[in-house]
Amino acid sequence: RSSDLTSLLVNGDYSEGKPMAFKNFKLAAGGDQNVIGKAFTDGKYTSHGINFDVNKATLKPESMGELNAIAKILKENAALKVEIGGHTDADGEDASNLKLSEARATTVKNQLVSMGIDSNRLTTKGYGETKPISPNTTPDGKANNRRVEFIKK
């Protein structure tokens with residue numbers, strides 16, 4: 001049963017005697033689209049899977065899996081309207097973080113529009129570092145604060 005998973009085995013080719021290194025693996029329960037869909041219809045979904053280049057609003061390629069799932073949910077729920085909220089950690093100047101978070105929210109909106117979602121269903125807002133959900137004192141806390149939230153309108 002999937003709920004009993006406690007480990008992950010990764011195989012690979014470490015030819016030429018070069019060691020392989022894997023880090024930042026997390027085993028998370030309920031990472032499927034149904035959980036995302038339920039969060040959307042309940043009113044709020046917080047994404048940590050949409051990532052950007054440092055200090056830029058450029059989406060990283062690994063963000064597309066989550067964006068595809070979000071676009072699918074929006075297509076299946078044609079009446080759903082959401083605010084896309086960008087959030088940063090507390091590193092850097094407040095004003096710069098506010099501007100960066102706004103640009104990132106707009107980038108997410110533009111990506112969803114390019115995937116067939118009507119732009120009238122999507123609003124954007126940058127919150128910068130004003131709404132932390134973790135302390136900004138550790139790398140994990142800062143990473144948790146860097147997020148995109150989708151709030152049902």
Side-chain angles (χ1 to χ4, degrees), residues 1-6 8 10 22-153:
R1 294 184 0 220
S2 62
S3 62
D4 295 334
L5 293 178
T6 58
L8 174 69
V10 179
F22 298 96
K23 62 182 186 175
N24 297 330
F25 272 98
K26 290 184 181 178
L27 291 175
D32 63 12
Q33 291 182 39
N34 291 337
V35 172
I36 296 173
K38 182 171 180 354
F40 262 83
T41 54
D42 284 351
K44 180 176 174 181
Y45 173 66
T46 301
S47 169
H48 289 97
I50 299 173
N51 298 301
F52 303 87
D53 291 343
V54 176
N55 291 325
K56 294 183 181 174
T58 307
L59 281 168
K60 289 191 171 191
E62 62 264 25
S63 303
M64 289 312 298
E66 190 140 351
L67 285 166
N68 284 328
I70 290 166
K72 182 176 188 284
I73 288 155
L74 290 169
K75 287 175 183 176
E76 290 170 351
N77 298 277
L80 186 61
K81 294 183 177 185
V82 296
E83 173 192 284
I84 302 165
H87 298 265
T88 67
D89 61 28
D91 289 354
E93 296 180 16
D94 294 9
S96 297
N97 283 338
L98 191 62
K99 186 176 178 182
L100 179 62
S101 66
E102 290 170 354
R104 287 177 170 179
T106 299
T107 295
V108 171
K109 176 182 177 178
N110 291 341
Q111 180 62 45
L112 290 169
V113 168
S114 77
M115 298 166 82
I117 305 303
D118 185 342
S119 66
N120 293 327
R121 297 173 59 198
L122 308 170
T123 59
T124 59
K125 182 154 173 90
Y127 292 94
E129 60 189 73
T130 64
K131 293 189 173 192
I133 56 175
S134 294
N136 277 294
T137 53
T138 66
D140 282 347
K142 289 178 184 183
N144 208 29
N145 289 331
R146 293 189 300 267
R147 66 197 187 278
V148 178
E149 291 183 347
F150 297 84
I151 301 168
K152 184 177 176 180
K153 292 307 217 180

Tell me whether Asn136 at atom CG has more than 12 heavy atoms from other residues, nucleotides or ligands lying less than 6.0 Å away. yes

Does anything in residues 64-84 pair up under ring-ring contact (aromatic ring centres under 6.0 Å, His included), and if so which pairs, sequence neighbours excluded? none

Say you draw a straight line from CG of Asn110 to CD1 of Ile117; how long is it, rounded to the nearest 0.5 Å? 13.0 Å

Shortest non-hydrogen separation from Ile70 to Tyr45 and the atoms involved: CD1-CE2, 4.1 Å

Closest non-hydrogen atoms of Gly128 and Ser101, given as atom of the first, atom of the second and distance, are N-OG, 2.8 Å

List in chain and number order the residues that pass side chain to side chain contact (heavy atoms under 4.5 Å, CB included) with Ser63, two or more places apart in sequence or in another chain; answer none if no residue qualifies. Ile50, Asn51, Leu59, Lys60, Leu67

Does any pair with a residue in residues 54-75 pass ring-ring contact (aromatic ring centres under 6.0 Å, His included), and if so which ones, sequence neighbours excluded? none

Looking at residues at least two apart in the chain, or sitting in another chain, which of them share a salt bridge (charged side-chain N to carboxylate O under 4.0 Å, His left out) with Lys81? none

So, using side-chain hydrogen bond (donor to acceptor under 3.5 Å, both in side chains) as the criterion, who are the partners of Ser47 when residues are at least two apart? Glu66

Does any pair with a residue in residues 87-97 pass side-chain hydrogen bond (donor to acceptor under 3.5 Å, both in side chains), and if so which ones, sequence neighbours excluded? His87-Arg147, His87-Glu149, Asp89-Arg146, Asp91-Lys142, Asn97-Glu129

Residue pair Ala105 / Ile84: nearest heavy atoms and the distance that separates them: CB-O, 3.5 Å

Could you tell me which residues satisfy side chain to side chain contact (heavy atoms under 4.5 Å, CB included) with Ser134, sequence neighbours excluded, listed by chain and number? Asn144, Asn145

How long is the straight-line distance from CG of Leu112 back to CZ of Phe150, given to the nearest 0.5 Å? 6.0 Å

Hey, could you give me each pair passing salt bridge (Lys or Arg N to Asp or Glu O under 4.0 Å) that has a residue in residues 99-121? Not counting sequence neighbours. none

How long is the gap from CG on Leu122 to CD on Glu83, to the nearest 0.5 Å? 11.0 Å

Check: Met115 main-chain N/O paired with Lys75 side-chain donor or acceptor under 3.5 Å: yes

Distance-minimising heavy-atom pair for Thr130 and Tyr127: OG1-O, 2.7 Å

d(Lys44 NZ, Ile151 CD1) to nearest 0.5 Å is 5.5 Å

